[in-house]
Amino acid sequence: LLQEMIDTTVNTFSPEIQDNWFFKPSYILDFLIHVYVNGEKTALEILEQQFEKNSLVHHLKGEKMKLEEKFKNGCMEITNDESFGQEILDEVLKKAVEIKTYKGFGVRIYEDLLDSPIFKHKSNMMFHLHKELLNESTQNVYKFCKDYKTYTEQWIKSNIVKFCMEKHYLTNQIHERRKTNIDFVIDTVQQESSKAKDNKSNVSAWFELLMKNLTEGLFSEELMETAEVLKITINQETIKNLDTVSQMMIKGLNEEKKSGKPKGYTFEEITGILESLSFNPIENLIRERIGCTEQCPFCGCVCNLGIDCDKTSQKHRVALHRPKGLSGWSHSDSGKLVSSICSTDISTEKTYILPSKFNDEKYRNFKDVATDIPDWEIKTTTGDGPEFWHRLFAMHNDAIAEMNKLKPADIPKGWLEVTEPKALKSLEIMYTDLSK
């Protein structure tokens, strides 16, 4: 740089230089200062050019096309990984959570129902069922007396759904079970991803172990088929980053967990959920608690036995029969409903016609019931039965007669005076005796 400046100066002054030419010291000092200043300026310009050449901006300008292509490829890799993670989340993980949530749920509900006041024992259920009859319509009371099985099955179903609605039992159970199973799936994804990284396993091996741990014991054909399809996808697509796949799945699962409790279910929705369970608590509770559903051929009282009777060694029997008029029985001569009960009639000379049993219009003697209807054991009793039935018949005597185009029964005056507390006390005694 110095040499260049000296040459320039010499060339500038050379036409004027003579043999005796010389520079004064002050000029030499000025010249050197001039050289220094211009040299520093030039050096700075060169450095600035060099900095610009090596700067990030210059690099980006020169590498723009190459960098853009690399960025696009990177985005595609992330997008592919995220898409695959989302696919596993939607097609497998969420379904696994749902299957686990409802697996064994029916048994849990069934056990909680058996522990409830209404369904703890058959006697508890029958007490509550009869208690409600005191406030039911004539149509429902008559339906109960004529078709115990249908009425009671509907009553049990209705009370199971009410149990599930109380204190949002079903909503809370589903919410808590889902949260627990989401946590389980998140832990499984994290553990298998960590193992795969430590063992340097490929994505296919990771996915196979993940599916094995998630689906163990679920026995879901649909889930297994989905997993097989995704295995093929893994073999066809290149997954660059397993962490991206795992993080996408975990992120989605956490979002699922943060979603609030579902709103309270309707009666129809609860029924649909319960009936969709592999162990249907409605069917199983009916089977467990309804017992034998055979009704007395005269008064309609249901057999007290908690199991199906074989009609031979185990005959149908009722501890406390009720007025036959509640089931629409009437005197053939007067057309009035009958107020007597069959367990007292069998010790008299009274007769009956029972076409539904014998398919004829023949009169038979009540005292011969043991021979004529051998599958029933009707023991002789005295009196006119529990006060519970007195109140119920007195309440609905007129309406039942009208429904059947008959005349109301002649009932004892005392039956009209049975209060609800007396009827309930009578009912308690009925089912306390039965539960012994």
Side-chain angles (χ1 to χ4, degrees), residues 94-133 136 140 143-144 147-185 215-223 256 260-295 302-309 431 434-435:
K94 288 182 180 179
K95 290 179 181 177
V97 167
E98 290 305 303
I99 294 170
K100 283 181 174 292
T101 297
Y102 290 103
K103 181 178 171 59
F105 192 29
V107 175
R108 171 61 189 275
I109 296 170
Y110 175 74
E111 290 172 347
D112 287 346
L113 284 165
L114 288 180
D115 202 38
S116 67
I118 293 180
F119 297 113
K120 202 169 188 68
H121 300 287
K122 182 181 179 181
S123 58
N124 294 63
M125 184 193 81
M126 295 297 285
F127 173 82
H128 284 279
L129 188 156
H130 283 77
K131 180 182 176 182
E132 289 184 16
L133 289 176
E136 282 289 356
N140 283 340
K143 189 186 297 182
F144 167 78
D147 188 358
Y148 167 84
K149 184 175 185 294
T150 302
Y151 183 91
T152 305
E153 285 178 352
Q154 291 174 347
W155 184 88
I156 291 174
K157 181 177 178 179
S158 176
N159 277 273
I160 288 174
V161 175
K162 286 177 185 176
F163 172 87
C164 291
M165 295 178 83
E166 285 176 5
K167 299 179 182 178
H168 301 290
Y169 167 85
L170 191 70
T171 302
N172 292 336
Q173 284 286 329
I174 292 174
H175 181 68
E176 291 304 316
R177 291 172 72 90
R178 285 189 79 254
K179 276 177 59 180
T180 299
N181 287 304
I182 288 172
D183 286 337
F184 167 77
V185 173
T215 59
E216 189 172 6
L218 294 185
F219 308 109
S220 171
E221 190 173 330
E222 180 186 356
L223 205 57
E256 284 284 308
K261 289 183 183 179
K263 293 180 181 179
Y265 296 108
T266 64
F267 190 98
E268 291 73 19
E269 287 171 336
I270 291 175
T271 302
I273 290 171
L274 298 182
E275 290 180 343
S276 70
L277 298 174
S278 56
F279 183 93
N280 184 336
I282 297 175
E283 287 183 357
N284 283 280
L285 191 68
I286 288 173
R287 189 179 300 116
E288 177 68 22
R289 287 289 178 257
I290 201 168
C292 180
T293 57
E294 286 296 316
Q295 292 178 254
V302 70
C303 175
N304 292 142
L305 296 177
I307 56 174
D308 289 333
C309 310
Y431 284 103
L434 284 176
S435 63

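We use all heavy atoms of the structure for the numbers below, so side chains are in, but hydrogens, waters and symmetry mates are not.
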ask   = Would you say F105 and L170 make side-chain contact, with heavy atoms under 4.5 Å?
value = yes
query = Under 3.5 Å, is there a donor-acceptor pair between the side chain of N159 and the main chain of W155?
reply = yes
ask   = Would a 4.5 Å heavy-atom cut-off, applied to side chains only, mark K131 and Y431 as touching?
value = no
query = So does E153 pair up with K149, basic N to acidic O under 4.0 Å?
reply = yes
ask   = With the threshold set at 4.0 Å, does a side-chain nitrogen-carboxylate oxygen contact exist between D183 and K179?
value = no
key: Test item: E294 and V302 side chains (from C-beta on) under 4.5 Å apart, heavy atoms   = no
message = Can you give me the closest heavy-atom contact between T101 and V97, atom names plus distance?
response = OG1-O, 2.7 Å
request  = For H175, look at atom NE2 and say whether over 12 heavy atoms of other residues, nucleotides or ligands are found less than 6.0 Å away.
outcome  = yes
key: E166 CD to S116 OG distance, which is reported to the nearest 0.5 Å   = 9.0 Å
task = Compute the centroid of each ring, for H128 and then for F119, and state whether the two points are separated by less than 6.0 Å.
result = no
request  = Enter the distance from L113:CG to K120:NZ here, rounded to the nearest 0.5 Å.
outcome  = 12.0 Å
inquiry  = Would you say that more than 12 heavy atoms from the other residues, nucleotides or ligands in this model lie under 6.0 Å from the NZ of K157, or not?
reply    = no
key: Point-to-point distance, once rounded to the nearest 0.5 Å, from CD of Q154 to NZ of K143   = 6.0 Å
ask   = Does R177 use its side chain to pair, donor to acceptor, with the backbone of E98 at less than 3.5 Å?
value = no
ask   = How far apart are the closest heavy atoms of C164 and L274, and which atoms are they?
value = SG-CD1, 4.1 Å
inquiry  = Can you confirm whether S158 sits close enough to F267 that some side-chain heavy atom of one is under 4.5 Å from a side-chain heavy atom of the other?
reply    = yes
Contact summary for I160 and P281, nearest pair of heavy atoms = CD1-O, 4.1 Å
remark   = Looking only at heavy atoms, the pair that brings L305 and K122 closest together is O-NZ, 3.4 Å
task = Only one of E283, R289, R287 passes side-chain contact (heavy atoms from CB on, under 4.5 Å) with L285; say which it is.
result = R289
key: T152 side chain reached by M125 side chain, heavy atoms, under 4.5 Å   = yes
inquiry  = E288 vs N284, test: side chain to side chain contact (heavy atoms under 4.5 Å, CB included). Steps then yes/no.
reply    = CA-CA 6 Å; E288 177 68 22; N284 283 280; over 6 Å; no
task = Indicate yes or no for a side-chain donor-acceptor contact from N172 to the backbone of K167 under 3.5 Å, with no hydrogens or angles considered.
result = yes
inquiry  = Has E256 got a side-chain atom pairing as donor or acceptor with I182's backbone, closer than 3.5 angstrom?
reply    = no
task = For Y151 and L129, work out which heavy atoms get closest and say how close.
result = CE2-CD2, 4.4 Å
request  = Return the orientation label for the H130 and F144 ring planes: parallel under 30°, perpendicular over 60°, tilted otherwise.
outcome  = perpendicular
key: pair I109-F279: side-chain heavy atoms closer than 4.5 Å   = no
ask   = Does the side chain of F163 come within less than 4.5 Å of I118's, by heavy atoms?
value = no
query = Does a side-chain heavy-atom distance below 4.5 Å link I174 with R178?
reply = yes
